[in-house]
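All values derive from a computational prediction rather than experimental measurement. Residue numbers start from 1 in every chain, and the chains themselves are labelled A, B, ... in the order their sequence lines are given, proteins ahead of strands.
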2 protein chains.
Amino acid sequence: MTEKSYHHGDLKNALIQAGIKILADEGIEGFSLRKVAREAGVTHSAPYAHFADKQAMIAAISTDGYRKVYERINAVIEQFPDDPLRQFIETAWVYVSFGFEEPDHFKITFSGSVEREREYPALVEMTGKTFDALRQLIIRCQKSGLLDSGEPDLAAVTVWGFVHGFVHLIQEGMVSHVVTNRYTKREMLILSLNQFLKSPLTEDPRDGFILGSGK
Amino acid sequence: MTEKSYHHGDLKNALIQAGIKILADEGIEGFSLRKVAREAGVTHSAPYAHFADKQAMIAAISTDGYRKVYERINAVIEQFPDDPLRQFIETAWVYVSFGFEEPDHFKITFSGSVEREREYPALVEMTGKTFDALRQLIIRCQKSGLLDSGEPDLAAVTVWGFVHGFVHLIQEGMVSHVVTNRYTKREMLILSLNQFLKSPLTEDPRDGFILGSGK
DNA sequence: CATCAATCTTTACGTTGTCTAGATTGTATA
DNA sequence: TATACAATCTAGACAACGTAAAGATTGATG
């Protein structure tokens, strides 16, 4: 934090934050190791004291993205105890929100920018914890009759897969304006999630749950 | 096709095929404009006679990926007329198969490698046609009672989103071996798609539809 | 205070995307 | 048929990139 001494102090995290900033400012195609170093105020080789190579740096940024989502998911789960439906919807919304608020950080994190050959322990741990949280949530939803019973891992893949694809398609502009003009993103998400639920919502007075009357 | 004259004859398509080959051999991180040119047997600047830049070349490869999927979808739809369920499953399977057979071509095509700012007419046309085919299929499924009635565009997003995420998660190795050891990919897909269907399949004697007895 | 490992800089190399100028060719026009 | 032209491809150059090696600077340890 001294910002002036030869030794930075916490360059590793500074580089991660600088990387996130560059992703936000210039997008994923403007992302380069040298630019990140410049943003952090160090030479282009300085990162190599903390990351083996560019891939390792991307893995660290990805890990940070997972951490954010994981923490927010835990937050909403604690916020709505004994309400699996609400937990289900808000967890999905956490994922979707992150995708729209920080599209390129989201892509780096969840869209396979990291090579899976080499294993980055911190990243593997975060992906595991995140998937576990989702699986536990799925199990609670199954027990309360919201979701079909069945292999929780498979159900988790189904749900995660859907939410991921949902963000992706909207980001790519593949959803027609017929739809995007009629519904907010949150409404679209809930309407879509509805197809997974055993007892579908049609209308719900809880904040943000109003889907419009009729169809 | 002369392979020796100064003018290549059909370099544009040769470059697209060379690009697909490089994606298959070296993956997406080994992909470069110069390598594609080398593979096609021309100089590194030759592609600029046919593509404005690297992005335009990626867009062309992406368009080719869409074309493949679009044609295969049309094929299975014609193969099973008056059987929306089968059309639904096989269409999903076309998408998933492409993802597993040509993972990096799939990524280039469907995972947002193309910048959406500039519009590439051929690509826009193919994405539109593909989405239309899906929407028509969805409508047929709704009419036959297989899917919930409702905004077809939104249902199409839900289904496409799910299938896309499905491929993505398996490619990233996020599905536990508990699941992947028990089911084939096709079984996993069908079991997951099951959650969308109004009258779920439990078991089905038709080829490839056997999901294993019991759960 | 001396030593040492961690951290950061400097310099260098090969590769990449892209630009410019020029060479080669098929095709249309006269 | 000869000529002009536009399309196509080559050759060379440039800045930016990822990465490696060697050296400078620093905080921590003894």
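For the pair A/Glu26 CD and D/dA16 C1', the interatomic distance rounds to 13 Å; values are reported in whole Å. Summarising the geometry, the separation between CZ on B/Arg34 and C1' on D/dA13 is reported as 10 Å, rounded to the nearest angstrom. Atom CD of B/Glu29 and atom C1' of C/dT16 are 15 Å apart (whole Å). Residue A/Phe31 contributes atom CZ, which lies 12 Å from atom C1' of D/dG18 at whole-angstrom precision. Look at CD1 on A/Ile22: it is 14 Å from C1' on D/dA16, rounded to the nearest Å.
In this structure, A/Phe166 and A/Phe162 have tilted ring planes: the angle between them lies in the 30° to 60° band. Relative ring orientation between B/Tyr66 and B/Trp160 is described as perpendicular, the plane-to-plane angle rising above 60° on a 0-90° scale split at 30° and 60°.
Side-chain nitrogen and oxygen atoms of A/Ser45 include none within less than 4.0 Å of the OP1 or OP2 phosphate oxygen of C/dC8. For B/Arg38 and C/dT16, the shortest distance from a side-chain N or O to OP1 or OP2 is below 4.0 Å.
Among the heavy atoms of the strands lying under 4.0 Å from A/Thr43 is at least one base atom, whether or not backbone atoms are also near.
Taking 4.0 Å as the cut-off between side-chain N and carboxylate O, B/Arg67 and B/Asp64 count as a salt-bridged pair. Taking a cutoff of 4.0 Å between a charged side-chain nitrogen and a carboxylate oxygen, B/Glu102 and B/Lys68 qualify as a salt bridge.
For the pair B/Lys185 and B/Phe100, the distance from NZ or CZ to the six-membered ring centre is under 6.0 Å and the angle to the ring normal is within 45 degrees.
Residues from residues 48-59 of chain A placing a heavy atom under 4.0 Å of any atom in DNA chain D, listed by number, are A/Tyr48, A/Asp53, A/Lys54.
A ring-centre distance under 6.0 Å is found for B/Phe106 and B/Phe110.
Of the candidate nucleotides D/dC9, D/dG18, C/dT9, D/dG18 has the atom nearest to the side chain of A/Leu33.
A/His44 contributes a side-chain N or O that forms a donor-acceptor pair with the base of C/dT11 under 3.5 Å.
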